[in-house]
Amino acid sequence: MAYLELLGDREDVAVRSVANYSELTSRVDASEIPTRLKGIEKRLPDEDTVDVLLATNMIAVGVDVDRLGLMAVMGQPQTTAEYIQATSRVGRAHPGLVAVMLNSARARDRSHYENFQHYHSALYREVESTSVTPFSARARERGLHAVIVALARILIPEARPNEGAGRVDSYEHILRGRIRSLLLERVQAVTPSEVTAVEQGFDEFVDRWCQEADTHNVLLFEPKLGNRAPSLLKSYDDSEDRQAWPTLWSLRDVDAESALFMEGTR
């Protein structure tokens, strides 16, 4: 704000009021982020309208706010993919402006400055390839059950309602037949060495699913607010003692949080 006042005095113009600002950085507790994202959607004449949002590269994923129209990027991001993702947060509903503040003391920033026009004329050609480990043990643990449920709800009409989880007996044969075959064909084509492990994981999850449906009169795919019926899946941050599979609802989720305390000794 002090620098804005300095610029205002230099140009002899009135300084725009910055009465309310917000922040999306690692200093903000993860539980507060959804509230802050809702906060930046507020528009005038709301008194809580955010004037400035300070953010790190965490803004690159999942921030879809039409109101954002001006972005100042401090230094060139490490990857082109990150650069595209971050700068595409503005101008989503109306024309936006992105100002890139490059640091002349950094060789990488100087290179981008010298090739700025050429680089941006073929931006997507510069996107780096990413390395992945498909169907590895940790990937199966996090997402195999979600893939099975997604395929079931897309391909089987009876499984589409939330309450369809409890009617698995009517389409169990499709799960163990067509959907199992589709998944294993994909594994065979991508990582043949993981076929047996994926088979075991598939059977384990479907067996558990059928067992839960037999045990309960009503079984939902995901918990429903105000409904005490058990669910097959639950969010990673669900604090309730549910006998359900922890599931990532979005790409912003990565894992449950753990508290870490460090003690020093003399």
Side-chain angles (χ1 to χ4, degrees), residues 1-4 6-7 11 16 18 20-43 49-136 138-139 142-143 146-147 150 190 236-237 248-255 257:
M1 189 63 192
Y3 188 59
L4 288 178
L6 176 64
L7 293 176
E11 302 295 332
R16 183 182 184 278
V18 182
N20 189 16
Y21 61 89
S22 187
E23 183 175 335
L24 286 178
T25 69
S26 59
R27 295 183 297 191
V28 179
D29 191 271
S31 61
E32 294 184 25
I33 291 177
T35 303
R36 299 208 175 201
L37 289 174
K38 285 290 183 183
I40 60 177
E41 294 179 357
K42 295 180 180 179
R43 301 169 179 266
T49 302
V50 175
D51 296 307
V52 175
L53 175 66
L54 176 66
T56 57
N57 59 356
M58 68 185 296
I59 198 175
V61 180
V63 181
D64 302 319
V65 180
D66 292 344
R67 179 172 170 262
L68 301 181
L70 171 63
M71 174 182 285
V73 181
M74 308 304 293
Q76 185 67 28
Q78 289 294 322
T79 66
T80 301
E82 180 185 335
Y83 180 54
I84 293 172
Q85 282 292 102
T87 54
S88 64
R89 299 305 104 188
V90 303
R92 302 182 70 83
H94 309 285
L97 176 64
V98 177
V100 184
M101 314 295 184
L102 299 174
N103 187 346
S104 61
R106 296 173 58 189
R108 190 167 177 277
D109 280 23
R110 287 202 307 272
S111 175
H112 276 279
Y113 173 77
E114 292 167 358
N115 297 281
F116 193 85
Q117 186 172 349
H118 173 73
Y119 175 68
H120 285 78
S121 66
L123 194 58
Y124 286 89
R125 188 178 65 189
E126 304 294 334
V127 174
E128 303 82 4
S129 59
T130 57
S131 60
V132 295
T133 309
F135 301 105
S136 63
R138 296 286 75 80
R142 299 288 184 85
V147 171
V190 176
Y236 258 99
D237 58 1
L248 302 174
W249 287 158
S250 76
L251 293 178
R252 184 175 290 279
D253 298 325
V254 289
D255 207 342
E257 290 188 350

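Keep in mind the model is a prediction, meaning the values are calculated, not measured.
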Partner residues of Arg27 under the salt bridge (charged side-chain N to carboxylate O under 4.0 Å, His left out) criterion, sequence neighbours left out
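Result, salt bridge (charged side-chain N to carboxylate O under 4.0 Å, His left out) vs Arg27: Glu23.
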Where is the tightest heavy-atom contact between [X] and [Y], given as atom of each residue plus distance?
{"X": "Ala86", "Y": "Met71", "result": "O-CE, 3.1 Å"}
{"X": "Leu54", "Y": "Thr25", "result": "O-CG2, 4.0 Å"}
{"X": "Ile40", "Y": "Leu37", "result": "CG1-O, 3.1 Å"}
{"X": "Ala81", "Y": "Val127", "result": "CB-CG1, 4.1 Å"}
{"X": "Val190", "Y": "Pro134", "result": "CG1-CG, 3.4 Å"}
{"X": "Val100", "Y": "Gln76", "result": "CG1-OE1, 4.1 Å"}

With sequence neighbours left out, which residue pairs that include part of residues 113-127 fulfil the side-chain hydrogen bond (donor to acceptor under 3.5 Å, both in side chains) condition?
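Listed once each, the pairs are Thr80-Tyr119, Tyr83-His120.
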Enumerate the residue pairs fulfilling side-chain hydrogen bond (donor to acceptor under 3.5 Å, both in side chains) with a member in residues 86-112, sequence neighbours excluded, ordered by first and then second residue.
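Sorted result for residues 86-112: Asp64-Arg89, Asp64-Arg92.
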Indicate yes or no: at least one non-hydrogen side-chain atom of Arg67 is less than 4.5 angstrom from one of Thr49.
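Of all side-chain heavy-atom pairs linking Thr49 with Arg67, at least one is under 4.5 Å.
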Would you say that Leu24 contacts Ile33 through its side chain, given a criterion of any heavy-atom pair below 4.5 Å between the two side chains?
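Answer yes - side chains close enough.
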Spell out, as yes or no, whether a donor-acceptor pair under 3.5 Å connects the side chain of Ser22 to the backbone of Leu53.
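Between the backbone of Leu53 and the side chain of Ser22 there is no qualifying donor-acceptor contact (under 3.5 Å).
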Can Arg43 and Asp66 be said to form a side chain to side chain contact (heavy atoms under 4.5 Å, CB included), step by step?
CA-CA 11 Å; Arg43 301 169 179 266; Asp66 292 344; 4.0 Å; yes
